[in-house]
Undergrad: 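Dropping a structure here in structure tokens format, bear with me for questions.
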Amino acid sequence: SDWSSDVCSSDLVVRADMAHRHHQREVRHIGHCHHQQNHWFARHRLLRCHPHRNHFQPLLHLLRRGFLISYNQPPISMLIAQELRKKNIVEYLLYMWQVEDILRVYGCNLAKIEREYLSRFEANDEQREEIVDWYANLITMMNKEGKREQGHLEINHIVEMQLQELHEALLQSTRFPFYNATYYKTLPFIVELHNKGNRTLGEIETCLNALYGTMMLRLQQKHISEETQHAVKQITQMLGMLSDYYQKDKQGELKLEEDI
């Protein structure tokens, strides 16, 4: 189908080019960082997943926006990452993937990022040092791991593998029939994505790639067909549920097996 071809076609060159163009548009709005920081956190508090409904509402909201990072708020990138990691691990991964692409836009060159990107924003000395250190550490990891051109950092890959393992454990357990039902509704889309893309990828990475590809289509202001929207909605529902279970597992609140 056309939908799977669309979301599989956003390669690194297109992603980096779109990130750069979007950055150029967004720099006009500098000077509102502190207002947008408060607005971002207020919005995400309102969008937190209810335990019994709308598991996927936050992700759908972000996909409608077309991007996770607001390029005119680098001073709070660390705070956003920290908040997302605590609240929604799937959104955190998509966010960090986009951070990786932004670093590639600037050639993983810290001096260039400071000069052309971070210098546009107000921050005190302590904040500036913390911000620069955050980007510097990510760039160091990308260089050491050979991820300057493509691929994901090991810290992000580990989280993705944890999600894949939890996904498999939930499917093997008899305690989560609703997750199993949601998975089998999503499976035809996963199979089609596998057929159009990299068949060696796990199911969760395949789904994450589909969401990221859709975000890139939004950035390119391309038409998103109803078929694609339906597929993404179903994939997002499953990943939203998985994210909820991930947080419960980290808090020691998830029982995968029945009590004997």
Side-chain angles (χ1 to χ4, degrees), residues 10-44 62 65-86 91-159 208-209 211-213 215-222:
S10 299
D11 60 21
L12 175 63
V13 175
V14 174
R15 284 159 42 188
D17 180 60
M18 286 295 100
H20 179 67
R21 288 191 210 175
H22 186 69
H23 164 69
Q24 294 299 327
R25 291 197 302 269
E26 287 292 321
V27 294
R28 303 174 202 158
H29 303 292
I30 60 176
H32 303 291
C33 293
H34 68 283
H35 168 74
Q36 292 178 354
Q37 175 179 356
N38 293 335
H39 176 65
W40 191 93
F41 283 114
R43 181 172 68 247
H44 273 70
L62 291 169
R65 286 174 58 206
F67 54 93
L68 288 174
I69 293 176
S70 180
Y71 290 88
N72 56 338
Q73 325 179 3
I76 63 169
S77 295
M78 297 166 295
L79 296 177
I80 292 177
Q82 291 165 5
E83 184 77 2
L84 285 177
R85 181 146 197 166
K86 290 186 292 185
E91 289 182 18
Y92 166 81
L93 268 184
L94 294 175
Y95 182 91
M96 292 304 296
W97 283 10
Q98 203 165 10
V99 169
E100 292 169 348
D101 278 345
I102 288 192
L103 295 178
R104 292 178 181 123
V105 166
Y106 291 96
C108 293
N109 186 319
L110 183 61
K112 189 174 182 180
I113 291 173
E114 286 190 76
R115 183 177 64 252
E116 299 182 12
Y117 188 37
L118 298 180
S119 63
R120 302 174 184 269
F121 307 93
E122 294 182 4
N124 60 41
D125 291 342
E126 183 179 353
Q127 290 172 328
R128 177 78 61 186
E129 183 178 358
E130 188 177 4
I131 293 164
V132 171
D133 283 347
W134 192 71
Y135 283 97
N137 287 334
L138 291 175
I139 290 172
T140 298
M141 285 187 279
M142 291 184 77
N143 286 329
K144 286 184 177 179
E145 297 175 20
K147 303 295 172 59
R148 289 175 60 93
E149 301 297 330
Q150 61 183 355
H152 300 300
L153 290 172
E154 189 64 22
I155 56 171
N156 297 328
H157 182 63
I158 289 171
V159 174
L208 288 168
N209 283 339
L211 295 193
Y212 198 82
M215 287 166 50
M216 295 303 104
L217 291 176
R218 297 284 189 192
L219 280 180
Q220 297 170 66
Q221 299 180 334
K222 288 189 175 181

Undergrad: Decide yes or no on side chain to side chain contact (heavy atoms under 4.5 Å, CB included) for M141 and I155, but give the supporting numbers first.
TA: CA-CA 9 Å; M141 285 187 279; I155 56 171; 3.9 Å; yes
Undergrad: Distance check, rounded to the nearest 0.5 Å: L103 atom CG versus Y135 atom OH?
TA: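 It comes to 7.5 Å.
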Undergrad: To the nearest 0.5 Å, tell me how far E116 CD sits from N109 CG.
TA: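 Rounded to the nearest 0.5 Å, the CD-CG separation comes to 8.5 Å.
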Undergrad: Which heavy atom of E154 sits nearest a heavy atom of K147, and at what distance?
TA: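 Distance-wise, the nearest heavy atoms are N-NZ, 4.5 Å.
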Undergrad: Pair R85, V159 - check side chain to side chain contact (heavy atoms under 4.5 Å, CB included), show working.
TA: CA-CA 10 Å; R85 181 146 197 166; V159 174; 3.6 Å; yes
Undergrad: What are the two closest heavy atoms between L138 and V99, and how far apart are they?
TA: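 That would be CD1-CG1, 3.7 Å.
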Undergrad: Could you report the tightest heavy-atom contact between M215 and Q98, atom names first, then the distance?
TA: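 So the two residues come closest at CE-OE1, 3.6 Å.
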Undergrad: Can you name the nearest heavy-atom pair linking N143 to R148, along with the distance?
TA: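 Closest approach of N143 to R148: OD1-NH1, 2.8 Å.
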Undergrad: In Å and rounded to the nearest 0.5 Å, what is the CD to CD1 distance from E114 to I131?
TA: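 Spacing of CD (E114) from CD1 (I131) equals 10.0 Å.
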Undergrad: In terms of the angle between their ring planes, are Y212 and W97 parallel, tilted or perpendicular, with boundaries placed at 30° and 60°?
TA: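 Rings of Y212 and W97: perpendicular, over 60°.
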Undergrad: Over all heavy atoms of both residues, which pair between M142 and E100 is shortest? Give the atoms and the distance, please.
TA: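 Reported closest heavy-atom pair: CE-O, 3.8 Å.
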Undergrad: Rounded to the nearest 0.5 Å, what's the gap from CG on L94 to CG on L208? Could you check?
TA: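 The distance works out to 5.5 Å.
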Undergrad: Between W134 and A81, which heavy-atom pair has the shortest distance, and what is it?
TA: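 Closest approach of W134 to A81: CZ2-CB, 4.2 Å.
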Undergrad: Can you run down the salt bridge (Lys or Arg N to Asp or Glu O under 4.0 Å) pairs that involve residues 123-137, sequence neighbours left out, and say none if there aren't any?
TA: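 Sorted result for residues 123-137: empty, none.
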Undergrad: Judged by atom type as modelled, is there a donor-acceptor pair below 3.5 Å linking the side chain of Q127 to the main-chain atoms of N124?
TA: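 Answer holds: yes.
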Undergrad: Can you tell me how far the CE atom of M96 sits from the CD1 atom of I102, to the nearest 0.5 Å?
TA: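 Reported value, rounded in 0.5 Å steps: 10.5 Å.
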